[in-house]
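See below for the structure under consideration.
Side chains included, hydrogens not; waters and symmetry mates left out as well; all remaining heavy atoms used. This structure is a prediction, so every number in the text was calculated from the model and none was measured.
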Amino acid sequence: MRILYTPVGDTDPIRGCYDGGMLHIVRHYNPDIAILVLSKDMEQKEAANHRFTKALKHVKADLDIKLIHTGLEDVHRIDTLQPFVDHFYEMLAEYPEAEILINLSSGTPQMKLIMSYLSVEHDAVRGIQVDSPQRGSNRSEPAVNDDEDIDIVIENNFDDQEDAENRCHEPQMGYIKRNNIKQSLYTLVTSYKYKEAISLYESYKKTFNHELDNDILPLLEHARLRLELEYKAALEKINRVDGLSLISIFTDWKRIKLHEFLMLMEVRLKQGNIEDFILKITPFMYELMLYYFSTTYHVSWDEFEKWTPGGPRTNMLSFKEKHPQLYSSWYANTKTPQFNEIQLSLNHMLHMLVDQPNVNPLLLKQLNDIRHIERKIRNKIAHEVVVLTEVEICKSVKIKSLQVFLELIQAVFSSIMGQAKQNKLIYDTINAYVLDQIK
């Protein structure tokens, strides 16, 4: 379905024996519906002799014409023309699948400005400008007088002739909004708000006239999925760009998951989402230590775990049989050595490492520092009824910044993985490529 949305002005329907903008668009674009937004003056003209509907029906007999009576008088004031916008959005809601044509040539200059804005704002809308026969202002030609016979005016219309020229054209107005859209994309991408960036890009991709790389949308979708820890789905969207692989530096799934989670923590901190960053520290460190014990001390935690009404518990007597040295260290350092079943935590695993001869002293110190800081931060937040700033949190736990704390966690991760820290966050690599394309 094709719909023409049009204001109506003095050049409509016919002026100086030629089509006005509204009539010329109907003649050459053959819409199914024409929605005419009328000021009070145009309402009176239509009521007097049906000049608009008669002329339109002459050109297209089966045209469905809908008249919107606004009652507006001060049509030279742009702030009074809100109904033109309101009815436009009502039309979009009523006909979501329709192709929309907007007349840019009829009505007051203020109406034309609003129509131009609406055509620029929506990619699915086609703004149509109709040149006057003089290729300039046709104000010197008199408008149809109220006492003129509209049937004779229609009969003497030169545009009704078969060889009449088509004066319609669709101005490329995307340049008006392109820079603003690019700036909005820049802000969203650098803020790692990929879902919003995708929505913006898809809404306005026609504006760019295919000037952007075809990899932009797959890259944004990759980043969104990856930030949701959907690593495999992200790679299905795209796994390489401009000769650069997006595949993880790790090959086994356990290390990939830990690294992806750590990168998510870094993004949350960069976004200023301090609460979410802090909430992720404990589960990350717990999973990292499970991995460390499984690879360094060959602990298979599932062997010692059982489910109880209070959740999973680790049987320390069974653990003692398989890993007596770790058990002995735990027993000597825990505050609850009498418990045969424990809810395994980072604390318990740190107690197991204290007396191990082969543990790296620096790693043990770093782990204890992380646990100490993490506990103090969580306690601080738990006992406050207001949202704390990063400065307040860092001051209370005596660290320079949460970034420094993150770097400590990253150092421990690299040490356990036996691999140097990745120089650049994968999301920053993606962002750099996208931003280079939209600059």
Side-chain angles (χ1 to χ4, degrees), residues 1-13 20-26 29 31-47 52-53 56 63-130 168-185 187-188 196 199-208:
M1 178 183 293
R2 178 176 286 181
I3 300 173
L4 170 63
Y5 186 78
T6 177
V8 181
D10 282 337
T11 60
D12 297 309
M22 174 182 67
L23 187 61
H24 207 63
I25 293 171
V26 169
Y29 281 81
D32 301 289
I33 300 173
I35 299 177
L36 281 57
V37 189
L38 305 173
S39 65
K40 185 175 181 178
D41 185 31
M42 295 302 125
E43 291 172 16
Q44 294 171 346
K45 291 181 184 298
E46 171 64 18
F52 306 122
T53 49
L56 291 172
L63 180 66
D64 184 3
I65 303 173
K66 300 181 184 297
L67 303 178
I68 296 177
H69 300 276
T70 66
L72 295 175
E73 296 185 31
D74 297 330
V75 292
H76 63 287
R77 292 176 51 194
I78 197 165
D79 56 329
T80 68
L81 300 179
Q82 181 65 36
F84 283 76
V85 179
D86 294 338
H87 288 297
F88 174 79
Y89 284 102
E90 289 172 7
M91 174 196 63
L92 288 184
E94 186 176 357
Y95 304 101
E97 302 300 323
E99 178 187 8
I100 307 300
L101 311 176
I102 284 188
N103 178 8
L104 304 178
S105 296
S106 293
T108 64
Q110 292 77 16
M111 292 178 187
K112 294 174 185 177
L113 179 61
I114 287 179
M115 293 300 107
S116 296
Y117 166 79
L118 293 175
S119 72
V120 166
E121 183 66 15
H122 300 274
D123 269 357
V125 170
R126 298 168 67 179
I128 302 169
Q129 187 171 347
V130 179
C168 296
H169 70 275
E170 298 179 31
Q172 299 300 312
M173 302 181 67
Y175 69 90
I176 296 175
K177 63 178 177 178
R178 188 180 290 115
N179 288 339
N180 285 339
I181 295 169
K182 285 186 175 183
Q183 185 58 48
S184 297
L185 273 173
T187 300
L188 291 171
E196 294 86 345
S199 178
L200 180 66
Y201 182 81
E202 288 186 325
S203 296
Y204 296 109
K205 58 187 175 185
K206 289 183 182 177
T207 302
F208 298 110

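Annotation for His24 and Val130: closest pair CD2-CG1, 3.7 Å, computed over non-hydrogen atoms. For Gly127 against Ser119, the heavy-atom pair with the smallest separation is CA-CB, 3.9 Å. Of all heavy-atom pairs between Gly107 and Met111, the closest is CA-SD, 3.7 Å. Closest approach of Ala98 and Ile3 over heavy atoms only: CB-CD1, 3.7 Å. Contact detail for Thr80 and Arg77: the closest heavy-atom pair is OG1-O, 2.7 Å.
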Exercise for review: Check the pair Leu56, Leu23 against side-chain contact (heavy atoms from CB on, under 4.5 Å), reporting the backbone distance first and the verdict last.
Suggested key: CA-CA 6 Å; Leu56 291 172; Leu23 187 61; 3.8 Å; yes
Practice item. List the steps, then state whether side-chain contact (heavy atoms from CB on, under 4.5 Å) holds for Leu92 with Ile100. Key: CA-CA 8 Å; Leu92 288 184; Ile100 307 300; 3.9 Å; yes
Exercise for review: Begin with the C-alpha distance, continue with both residues' side-chain angles, and end with the deciding distance and a verdict on side-chain contact (heavy atoms from CB on, under 4.5 Å) for Asp41 and Lys45.
Suggested key: CA-CA 6 Å; Asp41 185 31; Lys45 291 181 184 298; 3.6 Å; yes
Practice item. Apply side-chain contact (heavy atoms from CB on, under 4.5 Å) to Asp64 and Asp32, showing your working. Key: CA-CA 6 Å; Asp64 184 3; Asp32 301 289; over 6 Å; no
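To the nearest 0.5 angstrom, Ile25 atom CD1 is 7.0 Å from Leu104 atom CG. Taking CD1 of Ile35 as the reference point, atom CD of Glu94 lies at 7.0 Å (rounded to 0.5 Å). Note that OG1 of Thr70 is 7.0 Å distant from NE2 of His87, once rounded to the nearest 0.5 Å. Atom-to-atom distance recorded for Thr6:OG1 and Met115:CE is 8.0 Å, nearest 0.5 angstrom. Atom OH of Tyr95 and atom OH of Tyr5 lie 12.5 Å apart (nearest 0.5 Å). Arg2 CZ to Arg126 CZ: the interatomic distance, rounded to the nearest 0.5 Å, is 5.0 Å.
Looking at Ser105, its side chain never comes within 3.5 Å of a backbone N or O of Gly21 through a donor-acceptor pair. Judged by distance alone, the side chain of Thr187 and the main-chain N or O of Gln183 form a donor-acceptor pair under 3.5 Å.
Between Ser106 and Asp12, the side chains place a donor N or O and an acceptor N or O closer than 3.5 Å (distance only, hydrogens not considered). Tyr29 and Glu99 form no side-chain donor-acceptor contact under 3.5 Å, judged by distance and modelled atom types alone.
Under the ring pair (Phe, Tyr, Trp, His ring centres under 6.0 Å) criterion, Phe52 pairs with no residue at all, not counting sequence neighbours.
Lys112 has its side chain out of reach of Ile114: every pair of non-hydrogen atoms, C-beta onward, lies at least 4.5 Å apart. Gln110 is not listed as a side-chain neighbour of Val75, based on a closest heavy-atom distance of 4.5 Å or more. The closest side-chain heavy-atom distance from Ile128 to Glu170 is below 4.5 Å. When side chains are defined from C-beta on, Tyr89 counts as touching Leu118, because their heavy atoms get closer than 4.5 Å.
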